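Here the structure comes first, spelled out in C-alpha cells, and everything after it is commentary.
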Number of protein chains: 2
Amino acid sequence: MQNRVTEILGSEYPIIQGAMRRISLGELAAAVSRAGGFGIIGASGMEGNALRAEIRKARFLTDRPFGLNIPIYRPNALEALEIAVEEGIQTITTSAGDPGKIIGRVKEARMKVLHVVATVDMARKAEAAGVDAVIAMGAEGGGHVGRDEISTMVLLPQVVDAVRIPVVAAVGIGDGRGLVAAFALGAEGVQMGTRFLATRESPVPDGYKQALLAARDDATMIAARKGYPIRVLKNQAALAVRAMDERGASQLEINAFVDSLSDKGKGAEGEGLMSAGQVAGLIREIKTVEEVIRGMVTEAKSVVQKLGEKF
Amino acid sequence: MQNRVTEILGSEYPIIQGAMRRISLGELAAAVSRAGGFGIIGASGMEGNALRAEIRKARFLTDRPFGLNIPIYRPNALEALEIAVEEGIQTITTSAGDPGKIIGRVKEARMKVLHVVATVDMARKAEAAGVDAVIAMGAEGGGHVGRDEISTMVLLPQVVDAVRIPVVAAVGIGDGRGLVAAFALGAEGVQMGTRFLATRESPVPDGYKQALLAARDDATMIAARKGYPIRVLKNQAALAVRAMDERGASQLEINAFVDSLSDKGKGAEGEGLMSAGQVAGLIREIKTVEEVIRGMVTEAKSVVQKLGEKF
C-alpha cells in the first residue's frame, strides 16, 4: 500500500490516527506508528513542556515516524511548531485556521504538512498555500465538524477533483469496507479518530469506551450548532449543551459547564461530553491498535477481491 | 452486474431512480428503465387518475419494468397500491411509514417491495415486516431526510450488518466512484435522485437544472430541522423556510409559503424551494439518462480495476 501518502508520512500504511484533544498523546501515537499507521500527538491545549514530554515518550516507545497536530487558531500554534522542529518531527497535520500562517516555517524546516479541510474551497486554498496533502473531513466525524456539514461520501470526490495533491479521507471509516470505499472515492489515505478511541491503548476512561461500544447508528449529535459545532455521544450533558447553545449561551459559558462536568469525573462514568463520530455504531469490540490496523488492511483486500467479481 | 437486487427489480443494472414528488413521472421513469436502470414514478401527491396516466405513459415508452414509490403515511397510499396492482406493476418502493401496513396486500399481489430506511432500527423493523430489500438513505440526500442525520458512509455498513435482505444505498452517489464505494460498504444496489434531476429527460424547469450545475459542495441546507427536515438548495426561499421553522411556524404555514413561491413561478427562475442532495456539487453536466447510467457503470469498472492494483 505504498503511495504518495505513505511517502509523505514515512509509514507502512496510509492510515493516520486523528488528533484527539488530551487523548491522542505519546502512548496512543506510538502504538499506531508501531502497528504500521501514523500516530499523531494532539498539540491542542498542551503546555510546551508537556507536549515535549509526550513527543519524547512516543520516541522512546517507537523508532517509526509519528506526527503532531497543530490547530492553527490556537495561541500555542507557533510554539508547538517550534517544538516539533526542535524535536525532529518530520510531518505534521494542521487544522482550524489558515495554513499560510505556518507554511513558511514548515518548508524552511523541511517538514511535510497535511491540512484538514471541510469544504472544497478550503482544500483549494490549502493547496495554493503549499501544503503537501489535504485531509477531507466529513460531517459525520467526532469532535469539531465543519459548519456546512458535508458528508465524506460527497466531500471526498469533490475535493479529489479540485486539487492535485493527495487527499486523505477522514471521518466515517471504521473497518476495511470504509477503507476501500474511501479509496474508491479517490482518497490515497484515511484518518480515523473514533475507531482508535475504542482501543486498549486509548487513555480514555472505561466508561467512555463502554459508551462507544453501546453506541448505535443514531447515538451521536451535534451539540452546539450555532456556536462551535461539535459531534458527541447523545447523553444528558450533550442535550444540556445543545439547550444552552440554542438559547444563545456564549462559548465561555458552555466551556465552563463542560469543564464542571470533567471536574466531577463525569467522563469516567461515561456521563461527560464525549466526542465521537457516527462510526461509533460500527464499533463492537475494544481491540488493540494493531488488531484494528492489520484487521482493516486484511478485510480491505478481501473487499476489493469481491468487488472484482461484481464489476 | 446481476445480483439479488436486479432479480427483485427485473432490471439490467441495480441502479434505481429515486422518487421525486411531481418530478419523477412516467417519462423520466421510462427513460431510466430503457437505459437499464429501474425507473420510479412517485405516487406522492398524485390523484388516482393522474397516477394511472403516468404509469400508462411509462408503459407506452418502455417494455422494461419500472416501479412506483408510495409514501405510506400519505392518505392516498392504499389507493396508489391498488392502482399499482391493477396496472401490473411488479415492484414498488415504500417510504415514510410502517411497511407492515401494506405488506399483506403486496404479498397477495405477488409484488416485491423495497422500503426506504434512515436508521438501523428502521431497517430491522422493515425486514421483520417482510420487505424484500431496504434502501438505506443517508442524511446528505435531497428532499426529506431522516431526523437523526446519519450519513451514507456510516449508515450503510451498519444496515448491511443488521439485516439479511439486500441493501440498496441511496444518497450521495453521482458517478462510478460512488457506485463502487457503495458496493464496498456492502450495498447490492444504488438509488439516485439528484443525479437524475440534472438530466435532459428530467421535467424540472431549466432554472432548477442550472442551479444544480452551479451548486458546489456547500450549496445545500436542511430547511426545516425542527419540523419535517428537507434538504434543498441554499437560496432566499430556503433561508426563509429555515427562519419560519426556527420561530416555530406550523407545517401548514410553511407549506403555504412554499406553494406561494411555486404559484409565482419561482421554480422556473431557480428561486423556489428546490430539493437537492449534497451530491449536486459533483454534477457538472446535463447528460441524458443513458449517458449517466452507462457512464457510471463504465467508470465503476475502471475504479475497481485500479483498486485491485492498490490493495
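Predicted model only: the values in this text are computed from it and were never measured. Chain letters run A, B, ... following the sequence lines, proteins first and then strands; every chain starts at 1.
Counting heavy-atom pairs under 4.5 Å between each of A:V159, A:V279, A:I222, A:L156 and chain B puts A:V279 at the top. Among the candidates A:D148, A:D217, A:V154, the residue making the largest number of heavy-atom pairs closer than 4.5 Å to chain B is A:D217. Note: A:I150 leads A:I150, A:V120, A:D218 in heavy-atom pairs under 4.5 Å with chain B. The residue among A:P157, A:A139, A:G146, A:G308 with the most heavy atom pairs within less than 4.5 Å of chain B is A:P157. Taking chain B as the reference chain and counting heavy-atom pairs below 4.5 Å, the highest number among A:L282, A:V303, A:V297 is found for A:L282.
Counted within 6.0 Å of CD on A:Q236, heavy atoms from surrounding residues, nucleotides or ligands total 12 or fewer; the atom is thus considered open. At most 12 heavy atoms of other shown residues, nucleotides or ligands fall within 6.0 angstrom of atom CZ in B:R164. In the displayed structure, B:K310 atom NZ is contacted under 6.0 Å by more than 12 heavy atoms of other residues, nucleotides or ligands. Annotation: A:Q2, atom CD; neighbour count of heavy atoms from other residues, nucleotides and ligands within 6.0 Å is above 12. The local environment of NZ in A:K234 is crowded, with over 12 non-hydrogen atoms from other residues, nucleotides or ligands closer than 6.0 Å.
With a 4.5 angstrom heavy-atom cutoff, A:K306 does not touch chain B via any of its atoms. If you measure heavy-atom distances from A:N3 to chain B, you find no contacts under 4.5 Å at all. Proximity to chain B (any heavy atom under 4.5 Å) is shown, for A:T119, by both the backbone and the side chain. For A:V160, the part lying under 4.5 angstrom from a heavy atom of chain B is the side chain only. Interface residue A:L155: only side-chain heavy atoms are found under 4.5 Å from chain B.
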> Could you walk me through whether A:D161 and B:R284 pass the side chain to side chain contact (heavy atoms under 4.5 Å, CB included) check?
Replying inline: CA-CA 11 Å; A:D161 289 346; B:R284 282 145 207 157; 2.9 Å; yes
> Between B:E140 and A:E149, does a side chain to side chain contact (heavy atoms under 4.5 Å, CB included) hold up when you go through it step by step?
Replying inline: CA-CA 9 Å; B:E140 53 275 79; A:E149 299 185 17; over 6 Å; no
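The distance from atom NZ of B:K226 to atom CD of A:E246, rounded to the nearest 0.5 Å, is 5.5 Å.
Residues B:S151 and A:M153 have side chains not in contact (no heavy-atom distance under 4.5 Å, counting atoms from C-beta outward).
When the heavy atoms of residues 169-197 of chain A are compared with those of chain B, the residues falling under 4.5 Å are A:G172, A:I173, A:R177, A:G178, A:L179, A:V180, A:A181, A:A182, A:F183, A:A184, A:L185, listed by number.
Residues forming a side chain to side chain donor-acceptor pair (under 3.5 Å) with A:E127 (at least two apart in sequence, or on another chain): none.
The two residues A:F311 and B:M1 make their nearest non-hydrogen contact at CE2-CE, 3.5 Å.
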